[in-house]
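Counting begins at 1 with the first residue of the sequence.
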Amino acid sequence: KKLYYRIMPNGQPVQCTWLSVSILNPKVTSIFCNICIPFGDSTNSAFVKGFQDFKHCYQAVEEHERSKTHNSAVNAYFAAEKGKRMDSLINKNMMEKHKREIDRHIHMMKKIIQAVKFIGKQSLAYRATDESTYSLEDTSLNHGNFLEVILLMAKSDIILDEHVQRAIEDSKKRKKSMNEKGKHGPDAHGCGSLVNFLSKSMVNNIILIISVLVKEAIAKEIGSQKYSIQMDSTQDVSVVDQATIALHYVYSCMVQEQLFAVVHVHDTSGKGLHNALKASLESSGIPLKNILGHSFDGAANMRSSNVGLQAFIKEAAPNSVYVWCYAHVLNLCVADTVSIIPEAKSLFGLLHRTAIFISESHKRMDAWKADTGDASSAAKFKRLQKIGETRWWSKYKALKHIFRTFEDSSEALYATLVHTLIFLSTSEKFDSKTSSEASSLLENFVKFQTVLTAFMFLKMFETLDLTSKYLQTKGLDYMSAWSMVKQATKSLENQQQNFNLIYKKEELDETSLGIDIENDLPEKRIPKRKRMAGEIALHEKHKSSLDCFRVDVYNTVLDQAVNSMKERVDQNRDLISDTLCLDPRRFDQIVTGGLPRNALRKIANLTEVNANDLRKELVKFAVNYENLSKSLPESYVLGTGDDENESDKLNLHTSAYSLLFITYEYVLCLSFVQVSCERAFSYLKLIKSRL
């Protein structure tokens, strides 16, 4: 204040607007006069070069302000402001021209940034093989998505078109100069010293700046509150291991789930992943100690409690909770069921073989399209999908497109497939290898065991498909996810007790598909065991082939599905039990029967609140919930509105239920899936495969 303000005789402080300083690391290194530098007559003044004698800085500032040199510079400044001098008029015209040039560059940069954002939103590759600026006039070349979008925008933008034409001419001159000098090496490529804002370096810089801005926005939304992380790594098509980091938090009364960073991973161990995570978060000012939950897949370097990523995170955040991604768990449960019995392997192997067999030859595809009808075949023939090892629910898609329309003769893809295989196996247009393969596939498709196994998995997949899709949506909370998984497990248990759900012998006999299908399972021969002399034979009950299928196939598959779901999902059981107590659908039970003695202990420990006080608040809230819910909109769950009146409506009566507010916010911040990381990998694969 003493340096920047001058006290007038009446005691009023006046700011010295002419004073400016140079700061480095972070100390004041020099003091300047921003009036004397452009308008002063003398260049030897200490305040023009930079005053550094800080012992006498107050006296020197006062003397300089009263000096004749400074006063002349101030008068020249005001004269230039009013435009009274010829040199000031010239300077003013130059400044206006300079301003127009700046505005033109700003306009260009806005258009270039729009192009970059558009290509990123559409998941397109930026670059191509020929990106030289001097060749942009050649419309026969593919210059890449970025330059092609710029050329398209230039057709309707005069300023951008002028810039592109100027960049082309400058690039041609540089190319000609390089050829005349005989330079054909690395120095002859690229833009050199030319700045045209169209190079790959400019695009990369814009992407990096956007990344920094996005990170700053996310960090600002998180602030000092708790959050959860999601992280996964994979090797891309360029043989580079990359990890995606997503953050799960609450902002403006809504659960947010944002992709935060994609980082290059050199060390895939738990320690290496932790170092990459720590560097990424701390560079944006987000502390690791505020992590309250982390959701990963089941890889050892992620979930190991000793050397895995979760172990290193818990060193910084001891109360953080590890959740095995529910979506991965569900996918692993499906993988367990389809690999436990030979009948399942045969069924899905048959579907995969058939899709490859028909799609690998255009003649076979033409036969398939002829059977489906050329007018409506565009969607139908694509339904024969191959089964990928890592693609979630590809087995269900391949299965339902053939067997789901079994009873509908107008949409009977199963009948179409059988007719196509009959044609391929009997037609003289195809060689013996094709006919033999078609006959083998046909023989398996008309077996009753194949159809029955398909119905079994189709019914099971239909039960789990809704849960899987629900778990892949954004903004889900812990209670909803757990309820969906438990409901799916219960549905499988009910299905386990009802074999008639998939046994449709009468429907198979009455189908109007016009093809012969086996209507029963072949009877199995009962091996006769050799008995020793005098051995008493036990009563051997003959089991039908249908009973054998029900016991050995149906019950085995559903037992494995139910057990796998319970084993993999029932982690953090204490936390889950406490979380379910917070579900408003259970408030009636709390009102009538109260809370168990050990309820809410786990979550109270994690949120660092008193368990007894939390239970009292929850019981009180459950009693008053019906009246409170009538006075508040359903979407207002928690919040801190800026408006005073809105805050009273949105804050969930935090003054009366402060501990409950903290607990609900904690639960909403927990992450239980990491599908955002998987989505990022899908976009990266799409982009890099087109580079």
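For the atom pair CG (N319) and OH (Y666), the distance works out to 7.0 Å, reported to the nearest 0.5 Å. Expressed to the nearest 0.5 Å, how far NZ of K400 lies from CG of D465 amounts to 6.0 Å. Taking CD of E257 as the reference point, atom CD of Q230 lies at 4.0 Å (rounded to 0.5 Å). To the nearest 0.5 Å, atoms OG (S295) and CG (D232) are separated by 10.0 Å. Atoms CG and CE, from L273 and M302 in turn, are 5.0 Å apart once rounded to the nearest 0.5 Å.
By the 4.5 Å heavy-atom criterion applied to side chains, L441 and L424 are not counted as neighbours. Between L292 and V321 there is no side-chain heavy-atom pair separated by less than 4.5 Å. Proximity of K314 to Q310: side-chain heavy atoms (C-beta onward) are separated by under 4.5 Å at one or more points. With contacts defined as side-chain heavy-atom distances shorter than 4.5 Å, the pair I603/L600 qualifies. With contacts defined as side-chain heavy-atom distances shorter than 4.5 Å, the pair I358/L417 qualifies. Inter-residue side-chain proximity for L546 and L452 is flagged as met; some heavy-atom pair is nearer than 4.5 Å. Within the 4.5 Å cutoff, the side chain of T453 has no heavy atoms near those of the V557 side chain.
Looking only at distances, no side-chain donor or acceptor of Y322 sits under 3.5 Å from a matching main-chain atom of S305. For N275 (side chain) and K271 (main-chain N/O), a donor-acceptor pair under 3.5 Å exists by modelled atom type. Side chain of S280 to main chain of A276: no donor-acceptor pair is present (N/O by atom type, distance under 3.5 Å, no hydrogens or angles). Between the side chain of H266 and the main chain of D241, no donor-acceptor pair closer than 3.5 Å is present. Counting only distance, with no hydrogens or angles, the side chain of N444 and the backbone of S440 share a donor-acceptor pair below 3.5 Å. Checked by atom type and distance alone, the side chain of H248 never pairs as donor or acceptor with a backbone atom of S228 at under 3.5 Å.
Salt bridge absent: D366 and K363 never bring a charged side-chain N and a carboxylate O closer than 4.0 Å. Under 4.0 Å is where a charged nitrogen must lie from a carboxylate oxygen, and between D431 and K433 no such pair does. The residues E437 and R353 are annotated as salt-bridged, a charged nitrogen and a carboxylate oxygen being separated by less than 4.0 angstrom.
Under the side-chain contact (heavy atoms from CB on, under 4.5 Å) criterion, K490 pairs with N494, sequence neighbours left out. Under the side chain to side chain donor-acceptor pair (under 3.5 Å) criterion, Y227 pairs with no residue at all, not counting sequence neighbours. When the ring pair (Phe, Tyr, Trp, His ring centres under 6.0 Å) test is applied to Y396, the partners found at least two apart in sequence or on another chain are F461.
For the residue pair M460 and A561, the shortest heavy atom distance occurs at SD-CB, 4.0 Å. Considering every non-hydrogen atom in both S320 and G293, the closest pair reads CB-N, 4.3 Å. Closest non-hydrogen pair, M565 versus L464, comes out as CE-CD2, 4.4 Å. Residues L288 and A316 approach most closely at CB-CB, 4.1 Å, considering heavy atoms. Taking all atoms of both residues into account, the shortest heavy-atom contact from A488 to T463 is O-CG2, 4.1 Å. Between V307 and F312, the shortest heavy-atom distance links the atoms O-CE1, 3.4 Å.
Relative ring orientation between F499 and Y554 is described as perpendicular, the plane-to-plane angle rising above 60° on a 0-90° scale split at 30° and 60°. Ring planes of F403 and F455: perpendicular class, angle over 60° (limits at 30 and 60°).
No more than 12 heavy-atom neighbours from other residues, nucleotides or ligands sit within 6.0 angstrom of NZ on K278.
A cation-pi contact, defined as under 6.0 Å to the ring centre and within 45° of the axis, is absent between R364 and F430.
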